[in-house]
Amino acid sequence: MQKAFFSKTAQLLPPTVLTIFGATGDLSASYLIPALLHMQEHKLLPESFKLVCVGRRELNSKSFLSFILDKSASLRKVSSKTRSEFLKKLVYFQGDFDRPESFGALAKLLSDHDQAEHECYNRLFYFATKPQQFSSLAQILKDQGLLVSCTAHKRQARVLVEKPFGFNLKSAQSLNKLLLKYFKEDQIYRIDHYAGKETVQNLMVVRFANSLFEPLWNNKYIDHVEISVLEKGGVEDRTAYYNETGAIKDFLQNHILQMLALIAMDEPYNLTAEMIRDEKLRVLKALDTFDAEKIKNQLVKGQYKSYEKEVGGKTTTETYFALKTFVNLPRWAGVPFYLRSGKKLSKKTTEISVHFKEPVRCLFKGCDSNVLTFKIQPDESVYLQINNKIPGFGIELYQANLEFGYKSVFKGEIPSAYERLLLDFMEGDQRLFIRSDEIEASWKFVDSITESSQFTKAPTYVYEQGTNGPKEAEAWIAKDLKNWWTK
Ligand code: BG6
């Protein structure tokens with residue numbers, strides 16, 4: 001078996017101090033601190049590393065860590081050795097964005113730390129707060145002289161910005177403008193955690209490292225592409241955010257369009273962040289925007305039954321959508337992309353399937369199309385469906401899969417998306433982060449749906465929890481395809 005993971009030379013990373021704003025929030029408890037603890041356990045953190053967690057609550061470093069450990073069941077397994085080593089690197093800082101003057105002490109803490117260590121630490125800031133606070137945060141960093149790492153080295157600080165990155169094109173543009181007032185593009189790391197998933201990173205490798213696929217990767221051979229992101233869970237305690245957002249803005253604008261871009265892009269000239277992002281941008285700009293007619297015919301939205309009860313009132317916010325779009329590039333002319341996502345469905349799965357056309361002339365009865373499926377999660381794998389002969393005296397066909405399952409090939413855990421992205425952030429590698437123009441192109445497409453009056457008028461069909469979504473969506477897809485593809 002191939003030993004897989006944790007080959008990064010993290011300990012060669014420069015001395016780093018990572019400051020997380022919004023450290024007592026859900027994101028931090030569910031993803032960031034667990035990722036950092038796991039990195040501690042696997043010796044992936046830089047040798048000289050300090051973590052400053054900023055929150056409003058009155059806590060100290062020890063009680064902060066206990067607070068996080070209590071919130072996250074998965075962290076109960078973390079050994080006491082790891083916890084105590086981690087605690088040595090952790091400082092909790094109580095700060096209130098409404099009182100910017102309270103952050104003078106943060107600046108002092110960071111510079112005292114550098115002086116005590118006789119080192120100029122790389123300063124990284126993670127904005128895990130509400131987006132409405134980004135502006136005050138950037139101003140605080142500027143006013144406190146924290147935009148450079150230290151006066152001696154003048155290394156630029158970096159900032160990682162959590163989603164949601166705006167709620168439409170206009171707000172995303174303002175946010176970009178605001179950040180670019182304080183930072184240069186190469187200091188800004190806009191995160192989409194799907195980009196950090198191992199299986200999403202594999203998309204470019206499968207496409208461009210195998211001579212098998214690229215010659216067929218066009219409208220002559222591909223019939224259609226499907227991307228499904230299905231979730232079993234509901235909106236839980238995020239009702240306020242979600243009800244303003246809905247499934248299309250929550251999932252299509254970022255995760256699904258990012259995966260679509262990786263499936264549809266041309267091979268970049270090289271693997272630099274700029275080249276990769278240029279190619280993704282070309283796809284995002286070429287998405288076939290919606291008009292009223294397309295909203296009627298190419299989109300279905302739904303809402304799970306108990307949603308209004310959870311939100312506490314009447315609402316048309318969609319917790320499910322299914323749509324068909326096209327990429328207006330010669331390679332993809334006429335190839336539909338079917339995209340769907342929803343909450344409280346029968347299973348949790350993220351899959352991308354590329355459906356090839358059937359042979360122009362099939363000598364045998366029962367030929368079916370080849371389908372290349374990327375199972376992004378869970379049970380990470382890649383399948384290729386091919387036609388085979390059933391053993392026996394006749395010629396009957398059977399569709400079987402060539403299959404590569406991560407768990408059967410690689411031993412070891414797959415690092416979480418956040419671990420990968422945090423390491424890249426520390427290393428200063430922007431390849432898996434989203435550039436301002438990509439975000440804006442995605443919003444332009446999403447706005448053509450969600451900002452249209454036809455979208456508000458379109459029905460939101462109610463569906464039972466634990467099903468495949470609204471019946472109307474099944475009827476809609478049946479007009480084009482036999483049914484949705486899932487493994
Ligand atoms: C987030 C969405 O970006 O991704 C959530 O806001 C969603 O609504 C989550 O549940 C899913 O992430 P994952 O990694 O569990 O598939």
Side-chain angles (χ1 to χ4, degrees), residues 22 25-35 38 72-74 126-131 160-168 172 189-203 227-260 262 301-304 307 310-311 315 317-321 339-352 374-381 406 413-422 432-434 438-439 442-443 446 450 465 469 486:
D26 285 343
L27 178 88
S28 168
S30 315
Y31 294 103
L32 306 184
I33 306 296
H38 200 250
S72 181
S74 68
Y126 199 125
F127 288 9
T129 61
K130 291 199 181 102
L160 191 154
V161 187
E162 255 303 332
K163 68 169 280 208
F165 199 92
F167 48 89
N168 57 17
Y189 290 66
R190 297 173 196 80
I191 199 167
D192 180 327
H193 78 281
Y194 266 61
K197 290 186 191 276
E198 195 57 46
T199 38
V200 173
Q201 292 169 54
N202 193 34
L203 295 174
I227 304 182
S228 294
V229 184
L230 314 183
E231 295 191 282
K232 257 184 126 160
V235 294
E236 271 107 54
D237 46 9
R238 295 161 78 222
T239 44
Y241 155 77
Y242 197 88
N243 205 39
E244 285 289 301
T245 311
I248 294 181
K249 292 183 181 185
D250 185 47
F251 241 113
L252 175 69
Q253 182 273 326
N254 37 67
H255 311 321
I256 293 186
L257 291 187
Q258 278 296 315
M259 291 190 282
L260 186 155
L262 291 166
K301 53 179 169 138
Q303 187 187 86
Y304 64 78
Y307 181 72
E310 288 172 26
V311 173
T315 167
T317 297
E318 79 289 351
T319 59
Y320 173 99
F321 72 87
L339 316 175
R340 68 173 168 153
S341 177
K343 294 203 180 279
K344 287 224 172 163
L345 298 173
S346 61
K347 59 176 174 181
K348 177 172 171 77
T349 184
T350 300
E351 293 175 36
I352 304 173
F374 297 93
K375 179 105 181 194
I376 304 296
Q377 62 182 25
D379 301 327
E380 294 75 3
S381 24
Y406 278 62
E413 270 175 87
I414 299 181
S416 77
Y418 273 96
E419 284 169 62
R420 168 65 198 241
L421 295 169
L422 281 165
L432 299 178
F433 292 87
I434 320 300
E438 285 181 80
I439 295 252
S442 313
W443 273 121
V446 168
T450 52
Q465 165 173 346
T486 82

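Order of listing sets the numbers, starting from 1, for every ligand and every atom in it. Predicted model, so just to flag it, every value in this text is computed and none were measured.
Ring-plane geometry between H193 and Y31 is classed as tilted, the angle between the planes lying from 30 to 60 degrees on a 0 to 90 degree scale. The aromatic rings of H255 and Y194 sit parallel to each other, their planes meeting at less than 30°, with 60° as the upper class boundary.
With a heavy-atom cut-off of 4.0 Å, Y242 does not touch ligand 1 at all.
Listed by atom number, the atoms of ligand 1 under 4.0 Å from K343 heavy atoms are 5 (C), 7 (C), 8 (O), 10 (O). Using a 4.0 Å cut-off to heavy atoms of K163, the atoms of ligand 1 that qualify are 1 (C), 2 (C), 3 (O), 6 (O). Under a 4.0 Å criterion applied to the non-hydrogen atoms of D250, ligand 1 contributes the atoms 2 (C), 5 (C), 6 (O), 8 (O). Atoms of ligand 1 found under 4.0 Å from any heavy atom of F251, numbered from 1 in the order shown, are 7 (C), 11 (C). For ligand 1, the atoms lying closer than 4.0 Å to a non-hydrogen atom of H255 are 1 (C), 3 (O), 4 (O).
Within the 4.5 Å cutoff, no side-chain heavy atoms of F165 are placed close to those of N254.
Counted by atom type alone, K197 and T350 present zero donor-acceptor pairs between their side chains at under 3.5 Å. Side-chain N/O atoms of D250 and T245 include no donor and acceptor closer than 3.5 Å. Side-chain atoms of E236 and Y242 form no donor-acceptor pair, as typed in the model, at a separation below 3.5 Å.
Nearest to atom 15 (O) of ligand 1 by heavy-atom distance, out of K348, E231, E236, H193, is K348. When E162, R238, K197 are checked for heavy-atom proximity to atom 14 (O) of ligand 1, K197 turns out nearest.
Taking only nitrogen or oxygen atoms, main chain and side chain alike, Y194 reaches within less than 3.5 Å of ligand 1. Ligand 1 has no nitrogen or oxygen under 3.5 angstrom from a nitrogen or oxygen of Y241.
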Next on the checklist: Show, in sequence, the C-alpha distance, side-chain angles and deciding distance for I376 and M259, and conclude whether the side chain to side chain contact (heavy atoms under 4.5 Å, CB included) test is met.
Outcome noted: CA-CA 10 Å; I376 304 296; M259 291 190 282; 4.3 Å; yes
